[in-house]
Asker: 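Take a look at this one; I'll ask things after.
Both ligands and their constituent atoms are indexed starting at 1 by order of listing.
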Amino acid sequence: MQGKKIRMDKFLAHIGYGSRSEVQKMIKQKRVKLNEKVIYKPDTDFVIEESIVTVDGKQAIYQEFYYYVLNKPQGVITATEDVRHETVLDLLSLIDRRKSLAPVGRLDKDTEGLLILTNDGKLTHELLSPKKHVDKVYYAKVSGMITLEDVEQFEQGIVLNDGTKYRPAKLEIISIGHTSEIYVTLSEGKFHQVKRMVMAVGKEVTYLKRIKMGALELPEDLKLGEYRALTASELKLLKGEKPDAQAV
Ligand code: URA
């Protein structure tokens, strides 16, 4: 059976070469070849699996879904567009900054760490749906001494004065002092949740970083502000599937 046809301008815009009008301009400038022949019309259609497309001599490879892992720095907001602030999408190179990409959930402006960006809406839904209980692990510095009673309170599920109810969460103590260090594992993602839960036990979060989502850990080699495509095995971890031995 022959594969589905796609228009050249749509194909190039999806990959990330620019908006429809930008890629139409590239086509008019004769920079785009289909099976080694320059094409002139943006609506030229072709079967992806049977064709080789090049832009300025470089092959344009099609992928339906894109998955990136970003080590979000502070000061950047988790949105796709904002007139005043830098967004997580601004951290991506132009070719990777596809219109269809969106962050999976939110991290506060002053929170660092693991953030997934994808155009796979189904996976986004699965990772965020409260019914799926996907764990997110945070490392936090907290002003004040964290106690074993705090651990118990987290375990029982905290209820705020305004009636907000949080599911039971895991609080692990790393160190206790004027500033304590903790890990918090949540199976939901409510507004300012870690900060508000810590506030509910009388302390304050002074630093917050997400280090894990599902079985996927923030890659150690990724510096603040850096991102890269997920490997096949990382994607499996994120999806909760068993990584196969030979996948990288
Ligand atoms: N909890 C918070 O308080 N902030 C975040 O960014 C994430 C979880």
Asker: Assess the side chains of Glu112 and Tyr207: does a donor N or O sit below 3.5 Å from an acceptor N or O?
Answerer: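 Per modelled atom types, Glu112 and Tyr207 side chains form a pair under 3.5 Å.
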Asker: Which atoms of ligand 1 are found less than 4.0 Å from any heavy atom of His192?
Answerer: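 What qualifies from ligand 1 is 1 (N), 2 (C), 3 (O).
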Asker: Can you find an N/O atom of Arg196 closer than 3.5 Å to an N/O atom of ligand 1?
Answerer: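 No - when backbone and side-chain N and O of Arg196 are compared with those of ligand 1, no distance drops under 3.5 Å.
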Asker: Which ligand 1 atoms does Lys195 reach within 4.0 Å, using its non-hydrogen atoms?
Answerer: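 The atoms of ligand 1 under 4.0 Å from a heavy atom of Lys195 are 3 (O).
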Asker: Regarding Lys10 and Asp43, does a basic nitrogen lie under 4.0 Å from an acidic carboxylate oxygen?
Answerer: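 Not counted as a salt bridge, because no side-chain N and carboxylate O are separated by less than 4.0 Å.
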Asker: Students often mix this up, so state it plainly: with edges at 30° and 60°, are the rings of Tyr67 and Phe65 parallel, tilted or perpendicular?
Answerer: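 Judged by the thresholds at 30° and 60°, the geometry between Tyr67 and Phe65 is tilted.
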Asker: Test your reading of the model: is there a side-chain donor-acceptor pair from Arg31 to the backbone of Asp56, 3.5 Å cut-off?
Answerer: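 Side chain of Arg31 to backbone of Asp56: no pair is present.
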Asker: With a cut-off of 4.0 Å, which atoms of ligand 1 are near a heavy atom of Leu208?
Answerer: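 Per the distance check, 1 (N), 2 (C), 3 (O), 4 (N), 5 (C).
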Asker: Tell me, which protein residue and heavy-atom name are nearest atom 1 (N) of ligand 1, and how many Å apart are they?
Answerer: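 Result for atom 1 (N) of ligand 1: Val194 N, 3.1 Å.
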Asker: Once you restrict to heavy atoms under 4.0 Å, what part of Val205 touches ligand 1? Side chain, backbone, both or neither.
Answerer: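 Under 4.0 Å from ligand 1, Val205 contributes no heavy atoms.
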Asker: Look at atom 5 (C) of ligand 1 and find which of Asp108, Val198, Thr78 reaches it with the closest heavy atom.
Answerer: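 The option holding the nearest heavy atom is Asp108.
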Asker: Have a look at ligand 1 and work out which part of Thr111, if any, has a heavy atom under 4.0 Å from it: side chain, backbone, both or neither.
Answerer: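 The part of Thr111 near ligand 1 is the side chain, not the backbone.
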Asker: When you measure from the side chain of Asp108 to the backbone of Asp110, do you find a donor-acceptor pair of N or O atoms at a distance under 3.5 Å?
Answerer: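 Judged by distance alone, no pair lies under 3.5 Å.
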Asker: Got a sec: does the CD of Glu49 have more than 12 other heavy atoms crowding it under 6.0 Å?
Answerer: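 Buried by this count: over 12 neighbours within 6.0 Å.
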Asker: If only side-chain N and O atoms count, and only distance matters, is there a donor-acceptor pair under 3.5 Å linking Glu181 with Tyr139?
Answerer: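 There is such a pair between these side chains.
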Asker: May I ask whether Tyr138 has any heavy atom positioned less than 4.0 angstrom from an atom of ligand 1?
Answerer: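 For ligand 1, residue contact (heavy atoms, under 4.0 Å) with Tyr138 is present.
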